[in-house]
Each structure stands twice: as structure tokens, then as C-alpha cells.
Amino acid sequence: MKGLGTMSKKRYDKNSPASILSHARLLLGKSLHDIYPAAKVGFSGKGSLGQSVERLHFGYAPNSISEPDFQEAGVELKCTPLKTAKDGSMVSKERLVLNIINYVEEFGRSFETSSFSHKNALVLLMFYLHLMGVDKMDYVFKIIRLWSIPEEDLKIFIDDWNIIH
């Protein structure tokens, strides 16, 4: 991809969620420019920073398939912005879309057998601080962690799935 510069020379085990998380955390407190100074955003529009993380830091081509980004480990990558609230705390800048559900293909599937459940069973969340007027490559990653649907919320997801179904 033109303008993205050199991909990370650090390696990670694509079969291991812990290794993927450890590699992601190389960006914690840093921006893409800090690690890849010559790189430019090679994508445009919403999701361009996440696509740059995929290409530069993890070394794979962005896609929109119904499988997790790291298929072997069952980990889906999501980069999402934070903003600074009036009290100085960081809060989510916008809602996070986990998946677009294809109702034709998903018809007849239970929540447990859905592509949504498969793709989002384990999510690598990479939160960055969005600042107006700052180049996307200079956004600093503030929180990086693995997430799965908490047990106490799973019933809500299943009930919503059944209602929509």
C-alpha cells in the first residue's frame, strides 16, 4: 500500500491472543508515527486509522470478511476513538460498531452459531485519543485490551438477537 512505509519488524504469534495483545501494546502511549515515522495514512474515511494499524503494525491487508481479523487466534481488531470530557476524563467519542449483520445469511441461525458471535467472541480493543486538527498517524493509543462479552451481558445480546430475528 503506497505511503504506508515499513511494516513492523517485530513478530507475533498469529495463533496466540496473548502474543497479539503483547504486540498491540507496543503502541500503548504511542502513535503510529512514533513507531513508523515515515508512514502516511494509506486509507481514507472512517476506519482509516484501524486499517493503517492492520497494515503497518500487524502486517495484513484490511478486509471485511465475516471471520475475525486474526482467524487462527479468533481475535477481531477494533480501533476506536476517545475524547476528553469537560472534567478531563476520557470517554468514548462515538459508538463502536462490532458487526453489520446480514439478515439474509443469518436467517435461521442462533446467536451462538451466528457470524456475529464467531467474529466477536474475542475483540482486541485499541482506544486512541482523538484530537481535532491532529494527523491521524499522531493519535496516541491510550487503552489496549482483549475483550469478550461479559457473562452478565450475554443474556442481553442473546435477547436482542432473538428480538431482531
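One is the number of the first residue; the rest follow in order along the sequence. Just so it is clear, the model here is predicted, and its values are computed rather than measured.
Within the 3.5 Å criterion, the main-chain N or O of Tyr36 finds no donor-acceptor partner in the side chain of His57. With hydrogens and angles disregarded, no donor-acceptor distance shorter than 3.5 Å links the side chain of Arg55 to the backbone of Pro62. At least one donor-acceptor pair under 3.5 Å links the side chain of Thr113 to the backbone N or O of Ser110. Not one N or O on the side chain of Ser22 forms a donor-acceptor pair closer than 3.5 Å with the backbone of Ser19.
Rounding to the nearest 0.5 Å gives a distance of 7.5 Å between CG of Asp138 and CG of Asp34. Here Tyr60 contributes atom OH and Phe70 contributes atom CZ; the two are 4.0 Å apart, rounded to the nearest 0.5 Å. To the nearest 0.5 Å, the span separating NZ on Lys142 from CD1 on Ile144 amounts to 11.0 Å. Here the CD-CG distance, from Gln51 to Asn63, works out to 10.0 Å after rounding to the nearest 0.5 Å. In this structure, CG in Leu82 is found 10.5 Å from CZ in Phe141, a value given to the nearest 0.5 Å. Interatomic distance, OG of Ser66 versus CZ of Phe116, reported as 13.0 Å (0.5 Å rounding).
Leu122 and Leu77 fall within a single hydrophobic cluster, where Ile, Leu, Val, Met, Phe, Trp and Tyr are joined by side-chain heavy atoms under 4.5 Å apart, directly or via other members. There is no path of hydrophobic side-chain contacts, each under 4.5 Å, that joins Val140 to Met90. Note: the hydrophobic cluster containing Ile149 also contains Ile164 (ILVMFWY, side chain heavy atoms under 4.5 Å, direct or indirect links).
By the side-chain contact (heavy atoms from CB on, under 4.5 Å) test, Asp160 is found to be paired with Ile156, residues two or more places apart in sequence or in another chain being considered. Residues passing the side chain to side chain donor-acceptor pair (under 3.5 Å) test with Asn99, sequence neighbours excluded: none. Scanning for side-chain contact (heavy atoms from CB on, under 4.5 Å) contacts around Leu131 gives Leu129, Val134, with sequence neighbours left out. With sequence neighbours excluded, the residues satisfying ring-ring contact (aromatic ring centres under 6.0 Å, His included) with Tyr139 are Tyr128, His130. In this view, Lys155 and Asp159 satisfy the salt bridge (Lys or Arg N to Asp or Glu O under 4.0 Å) rule, not counting sequence neighbours. Under the rule for a side-chain contact (heavy atoms from CB on, under 4.5 Å), Ser92 has no partner lying at least two apart in sequence or in another chain. With sequence neighbours excluded, no residue forms a side-chain contact (heavy atoms from CB on, under 4.5 Å) with Pro37.
Residues Phe157 and Asn120 have side chains not in contact (no heavy-atom distance under 4.5 Å, counting atoms from C-beta outward). Looking at Met137 and Ser31, their side chains never come closer than 4.5 Å, going by heavy atoms from C-beta outward.
Annotation: salt bridge (Lys or Arg N to Asp or Glu O under 4.0 Å) contacts involving residues 83-106, sequence neighbours excluded, comprise Lys46-Glu94, Glu106-Arg109. Sequence neighbours left out, the pairs with a member in residues 113-126 that pass salt bridge (Lys or Arg N to Asp or Glu O under 4.0 Å) are Glu76-Lys119. Residue pairs meeting the salt bridge (Lys or Arg N to Asp or Glu O under 4.0 Å) criterion with at least one partner in residues 65-74, sequence neighbours excluded, are Lys14-Glu72.
Just one residue in the list Leu49, Ile143, Leu96 forms a side-chain contact (heavy atoms from CB on, under 4.5 Å) with Thr80, and that residue is Leu96.
The environment of CD in Glu112 is crowded: more than 12 heavy-atom neighbours from other residues, nucleotides or ligands sit within 6.0 Å.
Cluster partners of Ile100 are Val97, counting Ile, Leu, Val, Met, Phe, Trp and Tyr whose side-chain heavy atoms approach within less than 4.5 Å, directly or via other members.
Side-chain atoms of Ser52 and Lys136 form no donor-acceptor pair, as typed in the model, at a separation below 3.5 Å.
Listed here is the closest heavy atom pair of Ser16 and Ala73: N-CB, 4.0 Å. Between Ile20 and Phe58 the shortest heavy-atom distance is O-CE2, 3.9 Å.
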